[in-house]
Amino acid sequence: MMEQDETPGDVIPSVKDEEIEEEAETTDLIDDEEEDEEALPHSEILDIFEEGLALLVQDPLLCDLPIQVTLEEINSQIALEYGQAMTVKVLKADGETMPIVVVQNASVLDLKKAIQRFMELKQQREGGVKYVSWRYVWRTYALVFQGEKMEDDNTRLKDYGVRNRDEVTFMKKLKKK
């Protein structure tokens, strides 16, 4: 049975002892994580994140994306692959085509915001113009699909008949006399 020197607590560890040990291990893990977080400066964490994104871009699904990709661009590409988004090709007057990704039920305003974001990212990457007055741009230019100006920002693109891979023209508005 039990020897004289042993107490019941020595033979069978109690539930409380196990809980205390688990808490101590958990506390040690949390302390280790906090030390790890404190050990890496923000710039190093950013570098690690960018390296991870660069590896993601090597995936065949995401290979069309630029090297300095943003999380927003990755999510758009994935949504495109799952059929939750569509690409609208926006033709500029200089002949350049901008592939703009928007959700399937996007409005004209959503397309305009996506064009703005596309241009901002392009300018950041190429070091172009620092500031664009988008109020001026939308006052003087219009989006046109199959000869019809898309003037109402709240109208859905599909109501104009825009589908995946369709071309929308970015053209200057004519002044009314």
Side-chain angles (χ1 to χ4, degrees), residues 29-30 32-139 141-146 148-171:
L29 287 173
I30 291 172
D32 289 344
E33 288 176 8
E34 287 175 0
E35 288 175 12
D36 289 344
E37 288 175 6
E38 293 172 10
L40 289 176
H42 177 73
S43 59
E44 287 184 32
I45 292 173
L46 193 59
D47 289 341
I48 292 169
F49 179 74
E50 287 176 353
E51 287 173 14
L53 280 179
L55 289 173
L56 274 176
V57 174
Q58 293 174 357
D59 184 274
L61 171 67
L62 304 172
C63 65
D64 295 338
L65 295 173
I67 292 173
Q68 296 173 328
V69 68
T70 64
L71 185 58
E72 178 185 359
E73 290 171 310
I74 291 174
N75 288 336
S76 294
Q77 197 68 23
I78 291 171
L80 193 61
E81 188 65 26
Y82 283 108
Q84 299 167 347
M86 64 179 171
T87 301
V88 178
K89 297 176 183 175
V90 179
L91 301 174
K92 290 179 18 181
D94 63 0
E96 181 186 351
T97 301
M98 299 181 291
I100 307 296
V101 178
V102 292
V103 293
Q104 287 288 347
N105 62 346
S107 66
V108 173
L109 182 61
D110 295 332
L111 178 61
K112 287 180 177 181
K113 286 181 180 179
I115 291 170
Q116 288 174 223
R117 184 69 179 140
F118 178 87
M119 291 303 295
E120 288 169 4
L121 287 171
K122 183 178 177 186
Q123 289 170 350
Q124 284 176 1
R125 290 179 181 135
E126 296 176 359
V129 180
K130 301 287 182 214
Y131 177 76
V132 174
S133 172
W134 288 101
R135 287 181 68 189
Y136 172 78
V137 169
W138 298 125
R139 259 196 336 255
Y141 290 87
L143 295 171
V144 178
F145 179 68
Q146 295 180 344
E148 183 181 358
K149 285 184 183 177
M150 301 193 301
E151 294 177 315
D152 183 14
D153 286 347
N154 297 320
T155 304
R156 302 271 171 224
L157 294 176
K158 63 183 175 185
D159 294 341
Y160 283 109
V162 178
R163 298 177 189 222
N164 193 21
R165 297 188 191 102
D166 279 347
E167 292 182 351
V168 173
T169 308
F170 190 71
M171 65 174 34

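Because only heavy atoms are used, hydrogens play no part in the values below, and waters and symmetry mates are left out as well, while side chains stay in.
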### Query
Under the ring-ring contact (aromatic ring centres under 6.0 Å, His included) rule, what pairs show up with a residue in residues 99-138, not counting sequence neighbours?
W134-W138, W138-F170

### Query
Taking all non-hydrogen atoms of both residues, which atom of F145 and which atom of M150 are closest, and how far apart?
CB-SD, 4.0 Å

### R117 and L121, any side-chain heavy atoms less than 4.5 Å apart
yes

### Summary
d(L143 CG, Y160 OH) to nearest 0.5 Å is 9.5 Å

### Message
Atom CZ of residue position R156 - does it have more than 12 heavy atoms of other residues, nucleotides or ligands inside 6.0 Å?
### Response
yes

### Query
Can you list the steps and then say if I48 with L40 is a side-chain contact (heavy atoms from CB on, under 4.5 Å)?
CA-CA 10 Å; I48 292 169; L40 289 176; 4.3 Å; yes

### Task
Measure across S76 and A85 and return the closest heavy-atom pair with its distance rounded to 0.1 Å.
O-CB, 4.5 Å

### Query
Hey, does the side chain of N75 reach the backbone of E72 with a donor-acceptor pair shorter than 3.5 angstrom?
no

## Note on the structure
The reported gap from CD in E81 to CD1 in I78 (rounded to nearest 0.5 angstrom) is 9.5 Å

### Message
Show the nearest heavy-atom pair for residues T97 and P99, with the distance to one decimal.
### Response
O-CD, 3.6 Å

### Message
Quick check: closest heavy atoms across G83 and Q104, and the distance to 0.1 Å?
### Response
O-NE2, 3.4 Å

### Query
Would you call E120 and V132 a side-chain contact if the rule is heavy atoms closer than 4.5 Å?
no

### Side-chain donor-acceptor pair present, T70, E73, cut-off under 3.5 Å
yes

### Query
Are N105 and V103 close enough, and set up right, to give a side-chain contact (heavy atoms from CB on, under 4.5 Å), and what steps lead you there?
CA-CA 6 Å; N105 62 346; V103 293; 3.5 Å; yes

### Task
Please report the shortest heavy-atom distance between D159 and T155, naming the atom on each side.
CB-CG2, 3.8 Å

### Query
Hey, is the main chain of E44 close enough, under 3.5 Å, to the side chain of D47 for a donor-acceptor pair?
no

### Query
Residues in salt bridge (charged side-chain N to carboxylate O under 4.0 Å, His left out) with D153, at least two apart?
K112

### Message
The test is side-chain contact (heavy atoms from CB on, under 4.5 Å); show your working for D152 and V108 and say whether it passes.
### Response
CA-CA 7 Å; D152 183 14; V108 173; over 6 Å; no

Cut-off 3.5 Å, no hydrogens considered: what does the side-chain donor-acceptor table look like for residues 86-93, sequence neighbours left out?
residue	atom	partner	partner atom	Å
K92	NZ	E96	OE1	3.0

### Task
Apply the test side-chain contact (heavy atoms from CB on, under 4.5 Å) to residues L157 and V102: give CA-CA distance (whole Å), side-chain angles for both, the deciding distance (0.1 Å), then the verdict.
CA-CA 10 Å; L157 294 176; V102 292; 3.9 Å; yes

